[in-house]
Each structure stands twice: as C-alpha cells, then as structure tokens.
Number of protein chains: 2
Amino acid sequence: MEKFTLEDVAKLAGVHRSTVSRVINDSPNVSPEVRKRVQKVIHSTGYQPNAAARSLASQRSYMIGLVLPRSVSSFFTDPFFPHLTQGIAFGCNNNNLSLSLFLAGNREDEEKILPRIARRGFLDGVLIQSGRPDEFLIDRLTKSNIPSVIIGRPFLSDGLSFIDIDNVNGAIKATQHLLDLGYKRIATITGNHDSTVTVDRLEGYKKALKAVGREFDPDMVAEGDFSEASGYQAVKTLLPRKPDAIVAQSDIMAVGAIRAMQEVGLRIPDDVAIIGFDDIPVARQLKVQLTTIKQPITRFGIKAVELLIDLIENGTKPARRIILDTELVIRDSCGAKKIREHV
Amino acid sequence: MEKFTLEDVAKLAGVHRSTVSRVINDSPNVSPEVRKRVQKVIHSTGYQPNAAARSLASQRSYMIGLVLPRSVSSFFTDPFFPHLTQGIAFGCNNNNLSLSLFLAGNREDEEKILPRIARRGFLDGVLIQSGRPDEFLIDRLTKSNIPSVIIGRPFLSDGLSFIDIDNVNGAIKATQHLLDLGYKRIATITGNHDSTVTVDRLEGYKKALKAVGREFDPDMVAEGDFSEASGYQAVKTLLPRKPDAIVAQSDIMAVGAIRAMQEVGLRIPDDVAIIGFDDIPVARQLKVQLTTIKQPITRFGIKAVELLIDLIENGTKPARRIILDTELVIRDSCGAKKIREHV
DNA sequence: GATGCAATTGAGAGCGCTCTCACGAGTGTG
DNA sequence: CACACTCGTGAGAGCGCTCTCAATTGCATC
C-alpha cells in the first residue's frame with residue numbers, strides 16, 4: 001500500500017505508464033483488452049493516483065475553495081449558512097471536486113488566509129460569500145485572477161460573476177401576500193444595512209407598498225442582523241408603532257420576533273401576522289407554522305458550484321450571473337388559511 | 001503574475017533556486033544579506049510557491065480534512081456543529097493548514113468521497129466526526145493508515161486516537177446541580193441512543209442519581225435526536241410523569257422542551273426546572289436564561305487540530321486521547337439564584 | 001603556509017503524474 | 001504494391017518544488 005505508483009500498476013499490467021494514465025483519465029485511445037487488464041490491476045490493488053503529482057502535471061487541482069469573510073459571522077447564528085454549505089458540498093460531490101473551507105474570524109485571519117487561497121496550484125477556483133461594501137477578500141481574490149463566484153450579489157458587481165436569489169422579488173411576494181390579506185400597518189425587520197441582501201429585500205418591500213399606492217414609513221423599519229436575538233429586539237422597537245403585520249428578512253429573525261410578541265401576549269396571526277424568509281426547517285416546527293419565502297438553498301449551492309466550473313473551464317470573461325427564483329410558502333403565521341373578515 | 005516560479009525569483013535575486021527555497025522554508029543556512037535580498041524580491045513580486053509542486057516534493061500537503069459522515073445530519077439542526085467547525089478552522093489558521101470539508105448526505109456520497117479522501121498526496125490527516133456504532137467511513141479511513149483523529153468517542157475506540165469532552169462528568173454535574181437544589185423528579189431528554197454522546201450523558205445522569213441513593217426510572221427518560229423538534233416532542237412524552245426538573249442533553253433540545261412547556265402554561269423554573277448542555281449562544285438569549293453545561297467548543301476544535309498535527313508529525317502510535325472538561329454555567333432556568341424553599 | 005572546519009551556495013536528482021510526439025502495425029486506396 | 005491514414009502504444013520531457021551532496025570560501029589553528 002505504501003508508495004504505490006502509476007509505474008507499479010504499469011508493471012503489473014505489462015504496459016507503459018502512459019497507458020495506465022490513459023485508462024485512468026479515460027482517454028479513448030486504448031484497446032478494450034488492455035483497458036480491461038489495467039482496470040483489473042487498478043481495482044485489485046486499490047490504486048489511487050497521487051493528488052499532488054496529478055495537480056502539478058495537469059495544472060488542475062480539482063479542488064475549489066469556499067471563503068467566508070469575517071463579516072459573515074452569522075455563519076453561526078443563522079442556519080442558512082450550514083444549509084448553503086451543504087448544498088455546495090453536494091455540488092462538489094456530484095462533480096468530483098473537493099471543497100476547501102476558509103473561515104476568517106477577523107482581519108488578521110483574512111490576511112493569513114489570503115496567500116494560502118491564492119497560492120498557485122492549490123485551488124481551481126473559489127466561491128466567496130459576499131459581505132460588506134468594501135470586502136477585502138473579494139477585492140483581493142478577484143484581482144488575483146483566480147476564477148471566482150460571489151455568493152450573493154456584491155456591492156460592486158462590476159465584472160464579477162455572482163449567483164444570488166431574487167431578493168427584490170421575494171420581498172415583493174412577501175409584502176404583497178400581506179397586502180392581499182388586507183393588512184394595513186406592515187412593518188419590516190431587516191438584516192444589517194451593509195448587506196445587499198438587506199438592501200434588496202427592503203427595496204422589494206418598498207416597491208410592493210408603492211405598487212398599491214401605500215406610503216413608505218421609515219418608522220416601520222427595524223434593523224436587525226439576521227440573528228434570532230436581533231429579531232427579538234426589533235419587535236421591542238416596532239411594537240409602539242402598532243404594526244398588524246411584519247415582514248422579517250429571515251426566518252431566524254422571525255423566530256425571535258415571535259418570541260418577543262408571545263412574551264407580551266400577542267397572538268399570531270390574530271394580533272400580528274408575520275412572514276419570514278429562507279424556509280429553514282424551524283419554520284415548520286413552530287407552533288404557529290411560519291409562512292415564508294422559500295429559497296432553493298440546496299439548489300443555490302449546487303448551481304454556484306456549476307457556475308464556478310463553467311468559469312474554470314471556459315474562462316471568466318464575460319462575467320456571468322445567475323438569479324434564482326423564490327417561492328411563497330403559505331403556512332399559518334399570516335392567517336391566509338383562515339377566512340379574513342378584515343378590510 | 002502568470003507562471004512565476006522559484007526559478008524566476010532566483011534569477012531576479014541573482015542566486016540559485018535552492019537558496020530561494022531555503023529562504024522560503026526559513027532554513028538557517030543563509031547569509032543575512034542574501035536572505036534580505038531574496039525576501040525583497042519575493043515581497044515585491046508577491047511570489048507564492050506552487051502548492052502542488054511543494055506537496056509533491058515534500059510529501060506534505062499542509063491540508064487536513066474534516067469528514068462528516070451521513071449520520072451527522074444534525075450538522076444542520078444543531079448550532080453545535082457550525083461552532084465546532086469554526087473552532088477547527090481557527091486551529092487550522094493558527095497552524096497554517098488548509099481545511100478540506102467532506103459532507104456526506106448518504107451512503108452513495110460516502111462511497112464517492114472515500115477515494116478522494118484517501119488519495120495519497122492530498123491530505124496529511126483527517127478529523128472524523130464520530131457517528132453510529134458501525135461507521136463505514138471511520139472504519140475505512142482508519143484502516144487506510146492516514147493519520148486520523150475521531151471527534152467524539154467512537155463506539156469502538158480500540159487503537160484509535162480521539163478527542164472528546166467529559167460527557168459522563170458533565171451530565172453528573174448537571175444532575176447533581178438539580179439534586180442540590182432539591183428537585184425530586186428529575187427527567188432527562190437524551191439524544192439518539194446510537195451515539196456515544198447520548199450513552200455517556202445518560203450514564204452520568206444515572207450515576208448522579210445513584211450517588212444519592214435515588215432509583216433510576218426508565219420512564220423518566222425520553223429519547224430525542226439533538227434537534228429542537230425532538231426536545232419539544234420529548235416533553236409531550238414526559239409531562240404525564242410529572243417531572244419537576246429536566247436534564248436536556250443539548251441546549252437546542254432544551255429550547256424545544258421549553259417551548260412545549262410554555263405552550264401548556266408551565267413556568268420555568270417554578271413549575272419545572274431545566275438544564276441544558278453545550279452552552280450555545282441561544283442559551284443566553286432565552287427569556288429565562290438557560291442554565292447549562294458549557295463545552296469549550298472552540299478549544300475543542302483547536303485541540304483536535306493540534307492532536308492531529310501531533311499524529312502527523314510523530315506517528316499515530318500509540319493512540320492518543322484527549323478528554324476536555326466541562327463547566328456548569330448557572331443562569332435562571334433551574335432557580336438556583338432564587339432562594340429555594342423547597343425540600 | 002599547510003590543515004581543518006564551519007558556513008554558505010550551487011548542482012541536480014528526484015517527487016508521481018500528464019501530455020505531446022514518434023513509431024509500428026493494421027487498413028484502405030488507386 | 002507504394003502510399004496515406006488511423007489506431008494503439010511507448011518514450012520521455014516536463015510540471016515547480018525539496019533536499020542531499022558537493023564545491024567554494026573564509027577563518028582559526030598549529
């Protein structure tokens with residue numbers, strides 16, 4: 001098992017190293033008998049080509065990186081990220097790629113990580129979670145010419161390839177749903193303002209209101225940070241404004257919001273309706289199941305990997321963009337299933 | 001920027017490739033002036049050694065793998081895993097290692113992943129999350145001679161190196177705390193029974209009861225699966241037995257349990273006390289802050305990486321074990337801070 | 001001034017693959 | 001039967017590093 005190389009396989013099969021290489025990379029130019037003989041040896045010996053040698057010779061590592069800048073601290077508070085990571089891992093498994101994970105806790109980490117990521121001969125490409133407006137890692141990595149796909153629209157998307165879900169439209173659907181049900185005082189809990197996700201979902205919220213001639217009221221907006229605790233806090237701010245419905249920009253913030261409302265004895269959806277965003281499992285597990293905007297999280301991850309492969313194989317120019325659709329999932333937290341006598 | 005190699009740096013610095021290599025790997029035998037000159041060139045050109053070439057020549061990849069078998073589906077329902085992953089990532093950053101992530105969704109994934117992990121020249125070692133009793137991946141990987149550290153005591157730990165927290169003792173502390181406060185009918189919500197975590201924590205619970213001469217009552221045990229929903233369900237089973245306190249084997253199950261109890265109007269800790277396990281952030285964010293057994297999650301991850309490095313550098317024999325201590329964190333969910341007139 | 005020794009540098013043989021090129025055998029064509 | 005052409009295989013030159021060994025130098029020693 002120790003140090004078993006191509007050469008050894010070749011000897012056992014009575015052919016030249018080159019031929020074994022051809023079999024492994026299923027090149028067409030090998031006669032059926034020889035191919036069979038070589039495959040038999042490979043199988044019986046459990047031979048696996050040396051990854052480093054292969055990378056060096058072929059200039060391909062078949063490994064991609066997933067980079068989470070320090071700004072993505074919600075990796076640990078929002079189940080969205082583990083799910084996304086899972087989707088990406090699936091995409092990698094399906095395409096015989098390996099996935100390398102880079103988590104930066106602080107600026108120092110980012111500095112330390114950067115040269116490792118950009119090192120030639122290491123990664124074929126990277127997926128970078130978009131972050132704040134001036135994202136150090138995105139800036140550096142995209143400049144380093146390594147094929148990169150940004151997960152989520154970056155603030156400056158010029159010339160960059162990215163994949164995102166249609167946040168604007170998703171928020172429109174959510175707000176529209178509440179409007180259709182006759183709610184009048186629709187508040188919203190946003191993520192942190194320095195995220196395009198927040199910006200886009202807020203824009204959708206505004207657009208939906210405008211579409212029915214409703215005035216946008218800044219007082220009906222509370223800023224959170226995509227954590228459960230921030231949803232809880234946001235409700236404290238919002239309650240004095242007497243909303244009858246809330247658009248939460250993430251399910252996990254909706255969970256926090258519900259907790260806060262239940263504490264003061266408000267019933268959902270009777271007193272206040274609430275709609276989330278993401279459709280993570282917890283949405284289904286609440287006592288009052290959460291109506292939400294479903295993101296195709298797993299598909300999102302898989303598509304991201306496929307887009308990156310496209311860039312790796314066919315060049316990064318021109319920049320490509322993929323926007324995935326969302327879906328309104330109606331459960332119980334907005335009262336759509338009851339007959340509403342409102343309006 | 002394209003194809004800039006050691007040789008190019010050498011030419012610019014007017015020395016031989018070997019010398020540049022020495023500077024990069026800070027070998028002592030380089031004169032100060034030359035070292036300075038070479039470093040200047042490296043800096044000004046932004047040179048980074050080719051990872052594949054280096055791995056091939058040195059037989060070290062400076063990359064380790066984190067393997068999550070399909071049985072670890074709670075990666076997505078329990079925040080414990082993202083935190084652990086973070087700890088591991090920190091450990092890697094501190095030691096200039098890269099981290100490769102392998103998530104298996106099903107058996108097919110595991111088969112597909114295995115040869116990639118075991119490929120020579122790819123990983124220096126692997127961290128494997130322990131799983132079910134007959135874990136396919138653990139079995140295969142440890143047999144393949146790649147240095148491996150199991151995260152969490154495996155069922156069959158013979159000859160394997162692993163790291164775990166002291167689950168038995170942690171559960172003793174938890175149960176003891178409730179006993180000390182005078183609770184009489186202490187129930188417990190466990191994880192899935194085919195996990196050593198569950199087994200160990202249940203054992204601690206039993207031991208603590210026995211230590212004070214209390215009989216163990218199987219009816220006071222409800223099996224969950226470390227998910228919030230299972231904690232919720234478990235309470236439904238447990239309530240008819242009228243417990244006055246509950247040891248939940250994870251915070252997230254405690255959250256579910258609390259939700260269930262609040263729904264039927266039980267107050268915490270006045271009607272039922274509850275203690276969790278893990279000390280994830282949510283424990284602090286609940287209205288009634290959760291008393292819990294704190295795991296040093298980040299340190300756990302860092303230590304795991306260090307143990308693996310030890311195995312890589314000094315050989316895997318004899319097998320090494322690290323058991324980390326837990327800590328009782330007293331908050332409000334057990335009533336310890338009020339003066340109890342019970343007993 | 002011959003000798004020994006440490007410090008510094010250069011030379012070059014790998015590491016285990018891929019991939020182009022050359023070669024020989026087999027096939028078809030006029 | 002000479003020719004071109006395809007197909008399968010072998011040869012061997014890299015890929016960009018590391019690391020051992022040899023060569024060179026400077027300096028102390030006797």
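Labels below follow one simple rule: chain letters A, B, ... track the order of the sequence lines, proteins then strands, and each chain is numbered from 1.
- Using a 4.0 Å cut-off between a side-chain N of Lys or Arg and a carboxylate O of Asp or Glu, B:Glu111 and B:Arg140 do not qualify as a salt bridge.
- Rounded to whole Å, the distance from CG on A:Asn50 to P on D:dG16 is 17 Å.
- In the set D:dC17, D:dG16, C:dC17, D:dG16 carries the atom at the smallest distance from any side-chain atom of A:Leu56.
- Side chain of A:Arg54, nearest nucleotide from C:dC17, D:dT18, C:dT8: C:dC17.
- If you check D:dT9, D:dG16, C:dT8 against the side chain of A:Gln59, the one that comes closest is D:dG16.
- A 4.5 Å side-chain heavy-atom check between A:Ser130 and A:Ile151 finds every atom pair outside the cut-off.
- Under 4.0 Å is where a charged nitrogen must lie from a carboxylate oxygen, and between A:Arg299 and A:Glu306 no such pair does.
- In this structure, B:Glu7 places its CD atom 11 Å from C1' of C:dG12, rounding to the nearest Å.
- At whole-Å resolution of the value, OH in B:Tyr62 and P in D:dT18 are 9 Å apart.
- Rounded to whole Å, atom P of D:dG16 lies 10 Å from atom OH of B:Tyr47.
- For B:Arg22 against C:dT8, a side-chain-to-base donor-acceptor contact under 3.5 Å is absent.
- Rounded to whole Å, the distance from CZ on A:Arg17 to P on C:dT18 is 10 Å.
- In this structure, A:Arg60 atom CZ and D:dG16 atom C1' are separated by 19 Å, rounded to whole Å.
- Residues B:Ser18 and A:Ala57 each lie close to DNA chain D; by heavy-atom proximity, the contact nearer the 5' end of the strand is made by A:Ala57.
- Neither OP1 nor OP2 of D:dC7 sits under 4.0 Å from any side-chain N or O of A:Ser31.
- Nearest nucleotide to the A:Ser58 side chain, out of D:dC17, C:dC19, D:dG16: C:dC19.
- Partner of B:Arg153 under the side chain to side chain contact (heavy atoms under 4.5 Å, CB included) criterion, chosen from B:Ile323, B:Thr196, B:Ile165: B:Thr196.
- If you take CG of B:Asn29 and P of D:dG26, they are 18 Å apart, rounded to a whole angstrom.
- Listed nucleotides D:dG10, C:dG16, C:dT18 differ in distance to A:His16; the shortest reach to its side chain belongs to D:dG10.
- Contact annotation: side chain of A:Arg35 to base of D:dG8, donor-acceptor pair absent below 3.5 Å.
- Side-chain contact, B:Asn314 with B:Arg320: no donor N or O sits under 3.5 Å from an acceptor N or O.
- Between B:Pro28 and A:Ala53, the residue anchored nearer the 5' end of DNA chain C, judged by the nucleotide with its closest heavy atom, is B:Pro28.
- Side-chain proximity of B:Pro49 to D:dC19, D:dC17, D:dT9: nearest is D:dC17.
- A straight line from CG of A:Leu6 to P of D:dT9 spans 16 Å, rounded to a whole angstrom.
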